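Treat the numbers as computed from the prediction; the structure is a model and nothing was measured. To find a chain, count down the sequence lines: A is the first, B the second, and so on, and within it residues start at 1.
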4 protein chains.
Amino acid sequence: MERPHTGRRRNEAAREAVIDAAIALLQDVGYEGFTIERLAKDAGVGKQTVYRWWPSKAAVVAEAIGTRAQHTIPLPDTGALGTDLAEFFQTTFRQSEDPAVINQLKHMMAASIENPETAAPFKEFLANRRASLRSLLERGAARHEMADGTDLDFLTDLAYGLLWYRGLIGHRPLDDDAARKLAAALVAASAPAPSAPSDS
Amino acid sequence: MERPHTGRRRNEAAREAVIDAAIALLQDVGYEGFTIERLAKDAGVGKQTVYRWWPSKAAVVAEAIGTRAQHTIPLPDTGALGTDLAEFFQTTFRQSEDPAVINQLKHMMAASIENPETAAPFKEFLANRRASLRSLLERGAARHEMADGTDLDFLTDLAYGLLWYRGLIGHRPLDDDAARKLAAALVAASAPAPSAPSDS
Amino acid sequence: MERPHTGRRRNEAAREAVIDAAIALLQDVGYEGFTIERLAKDAGVGKQTVYRWWPSKAAVVAEAIGTRAQHTIPLPDTGALGTDLAEFFQTTFRQSEDPAVINQLKHMMAASIENPETAAPFKEFLANRRASLRSLLERGAARHEMADGTDLDFLTDLAYGLLWYRGLIGHRPLDDDAARKLAAALVAASAPAPSAPSDS
Amino acid sequence: MERPHTGRRRNEAAREAVIDAAIALLQDVGYEGFTIERLAKDAGVGKQTVYRWWPSKAAVVAEAIGTRAQHTIPLPDTGALGTDLAEFFQTTFRQSEDPAVINQLKHMMAASIENPETAAPFKEFLANRRASLRSLLERGAARHEMADGTDLDFLTDLAYGLLWYRGLIGHRPLDDDAARKLAAALVAASAPAPSAPSDS
DNA sequence: CGCTAAACGAGACGGTACGTCGTGTCTTCTG
DNA sequence: CAGAAGACACGACGTACCGTCTCGTTTAGCG
């Protein structure tokens with residue numbers, strides 16, 4: 001019937017070494033300048049081993065991106081949307097101020113632009129991040145801190161848009177002040193109604 | 001003194017041939033696969049002539065894109081911030097929905113990430129776009145449609161952040177609805193004060 | 001221990017293809033005009049393969065010369081120095097009248113002048129040729145057809161000097177007459193003594 | 001009369017600067033490595049000025065060679081062929097032992113091989129040198145120091161053959177001993193007749 | 001335990017494109 | 001209007017990687 005297997009098994013250590021080296025290399029030189037030759041040497045692996053398991057540079061990068069894009073931001077729960085958001089953005093922005101992190105994110109974005117194959121895992125990563133923020137907003141909506149019919153996806157994109165825009169261009173910082181203003185803006189943009197001045 | 005110049009001048013025809021060929025080639029094979037060798041041959045130009053005037057593939061591409069990317073958005077002036085913004089974003093978003101345009105912008109961004117050397121003209125381009133929007137917002141501030149001390153740069157980044165975030169990822173459209181919501185969000189985020197109810 | 005070798009071994013066929021192509025190319029276009037690019041293409045080999053094994057154009061040419069410069073002239077043995085020499089020179093000169101041969105020799109000489117790196121194998125080749133003639137002369141000396149203390153190296157240089165001088169300049173032919181005269185001149189220059197006839 | 005001439009006259013100094021630089025450059029780097037670009041820069045001259053007056057690198061080299069190759073050997077006149085020749089060869093060989101001289105001669109030869117265009121002035125130079133020696137031999141023939149019908153051209157080639165052969169290869173010196181042996185060899189090879197004892 | 005077979009590090013292979021340099025031609029400006 | 005400066009189209013230079021192909025070695029299951 002089916003021959004189960006013969007010969008040496010795949011060396012998992014080699015696989016990990018390649019992925020780790022890929023992440024480091026991507027951060028270092030970007031998607032352009034990313035070389036299988038260099039990757040293999042950095043990983044201490046033969047070129048053929050790379051080609052045996054990944055069909056292309058894009059595939060390695062894609063897997064590297066997918067593997068690394070796991071880190072999550074803890075969702076705060078202070079009971080009020082404004083403070084929840086402010087805290088969430090502060091944590092997020094502080095992470096993004098780390099040059100290594102922003103560098104990695106930028107190069108992941110560039111890779112995603114250059115090659116659609118790498119885009120898929122990257123987009124999934126982004127979708128996960130959006131989902132985090134959305135659940136925060138949903139909590140606010142459930143507490144009626146938002147007008148009915150508020151477009152949560154829009155607000156999410158607004159928030160991550162600021163993060164990425166400043167992160168990619170670097171013309172202005174992602175500091176605590178920006179986090180506070182962003183939280184306030186989201187709250188203002190989703191405020192329930194202009195009529196009844198709030199009390200509570 | 002100043003030596004005015006000696007020797008043959010730059011051949012403008014060659015420059016144009018290169019830029020034209022670059023645009024065609026970019027559309028044909030994309031940023032990857034874009035070869036200086038092929039570019040020179042297509043343009044009927046020596047490779048050296050390309051390298052003489054552009055430091056890198058990215059630089060040629062940047063200029064090619066920049067040459068074509070002259071489209072300016074007319075600043076509407078309806079007398080009210082909300083409608084001005086809505087109109088501005090609608091026009092902007094509609095342009096960005098063109099696959100060719102968004103593709104060029106994405107590749108400009110990727111090139112800017114991969115190669116900081118090319119980033120300068122791109123950042124200037126972005127700064128110009130921000131300045132357009134900012135002048136619109138300033139008009140609103142002058143009309144006291146905004147709270148004192150509103151951070152116009154923050155609002156600008158918020159707006160372009162949404163544009164770029166959706167443009168780069170493509171997970172949701174930049175349609176008229178988004179434009180309207182964005183205008184409303186900016187207005188809400190900069191509203192003069194919750195205390196004094198409006199009196200139209 | 002000793003690492004025996006790792007990785008694929010050198011492809012001997014490629015080496016031979018390069019050398020063969022080098023010989024042909026050298027004959028065709030000379031040392032100038034000899035292009036590594038063309039050599040690689042003619043040999044059906046990657047340029048890198050050439051550069052991997054030879055440090056320079058000169059080195060390839062040197063090896064090509066060394067490989068090809070094996071053809072030996074049979075040493076005649078008629079029992080008398082004069083006829084031995086005459087026969088040897090006739091054979092040698094006739095070979096040298098072939099335009100292809102003389103062309104190759106000239107270009108070898110030029111290469112040896114231009115680039116000392118190529119000189120070594122060429123000089124060895126020349127030394128081999130001198131050794132052939134010298135053994136002929138030694139036989140004559142052993143038969144006491146020469147004066148004691150005759151400088152065989154000088155005679156050898158005299159003979160090959162004529163060959164090369166005419167070969168390089170081409171102002172006069174290397175024909176049978178020249179061969180005969182050369183043989184006679186060597187015999188005269190090495191004659192044992194003015195034994196019987198002359199006095200003084 | 002004469003047209004007063006308009007505009008700048010041809011700069012003879014530029015021509016000389018080129019030739020001088022060519023000689024120096026040729027000695028320095030040989031025919032290979034000889035660059036018009038470098039020549040123009042060394043001469044402090046525009047490339048076009050070189051091309052205006054010489055059709056090719058070979059032509060410049062040819063003229064440089066022709067200009068410099070003027071040095072003549074004084075013809076000795078001792079009354080006897082053997083001593084005349086010995087003196088002539090000693091003088092000639094001593095000049096040729098100068099590394100600068102031999103280097104220049106070798107590169108001239110190489111240039112002549114590589115590029116037939118440069119060969120003409122070089123061959124003329126060689127012909128002049130042969131003519132010198134031939135006139136010496138003719139004097140000996142006139143004095144009946146030679147057999148009737150001796151091939152003077154052959155003897156000339158024999159002599160210069162030795163000079164060039166040793167000069168080009170450098171395996172043995174062109175010293176006074178060699179000069180003496182060469183003179184003796186020529187005398188022996190042209191001796192009037194073994195039978196008839198001399199009767200001066 | 002010995003055999004077969006696959007995976008491994010290493011690295012040579014035929015290629016393509018790189019960015020630089022020199023060619024010979026052609027402006028352009030200065031003296 | 002000759003001459004320097006230098007841009008031009010062309011093409012070879014020597015290098016870096018591409019993706020494929022041996023090599024000899026290591027490691028696993030099967031008989």
Once you round it to whole Å, what is the distance between [atom2] of [N] and [atom1] of [X]?
| X | N | atom1 | atom2 | value |
| --- | --- | --- | --- | --- |
| B/N11 | F/dA7 | CG | C1' | 8 Å |
| B/R52 | F/dG6 | CZ | P | 11 Å |
| A/L25 | F/dC17 | CG | P | 10 Å |
| C/R8 | E/dA12 | CZ | C1' | 6 Å |
| D/I36 | E/dC21 | CD1 | C1' | 15 Å |
| C/K47 | E/dC18 | NZ | P | 13 Å |
| D/L39 | F/dG3 | CG | C1' | 15 Å |
| C/E12 | F/dC23 | CD | C1' | 16 Å |

Less than 4.5 Å apart, any side-chain heavy atom of B/E114 and any of A/E114? yes
Which is more 5' along DNA chain E, the nucleotide nearest C/R10 or the one nearest D/E37? Just name the residue.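 Counting from the 5' end, the first nearest nucleotide belongs to C/R10.
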Distance (rounded to the nearest 0.5 Å) between A/I169 CD1 and B/M109 CE: 5.0 Å
B/W53 or C/R38, whichever maps to the more 5' nucleotide of DNA chain F: B/W53
For atom NZ of B/K41, decide whether the heavy atoms of other residues, nucleotides or ligands shown that lie under 6.0 angstrom number more than 12. no
Side chain of D/T49 only, heavy atoms from C-beta on: which candidate in E/dT20, F/dA4, F/dG14 is closest? F/dA4
Quick check: does any side chain N or O of [X] sit under 3.5 Å from a backbone N or O of [Y], one acting as donor and the other as acceptor?
| X | Y | result |
| --- | --- | --- |
| D/S112 | D/A110 | no |
| B/T35 | B/R38 | no |
| A/K106 | A/G30 | no |

Polar-atom pairs under 3.5 Å, protein N or O versus N or O of nucleotides 2-4 of chain E: list them with distances, or write none.
none

Looking across every strand, which nucleic acid part, if any, lies under 4.0 Å from D/K57 by heavy atom: base, sugar-phosphate, or nothing? nothing
Under-3.5 Å donor-acceptor pair between D/Q48 side chain and E/dC26 base: yes
In residues 11-22 of chain A, what donor-acceptor pairs under 3.5 Å come from side-chain atoms, sequence neighbours left out?
{"residue": "A/N11", "atom": "OD1", "partner": "A/A13", "partner atom": "N", "Å": "3.0"}
{"residue": "A/R15", "atom": "NE", "partner": "A/E63", "partner atom": "OE2", "Å": "3.2"}
{"residue": "A/R15", "atom": "NH2", "partner": "A/E63", "partner atom": "OE2", "Å": "2.6"}

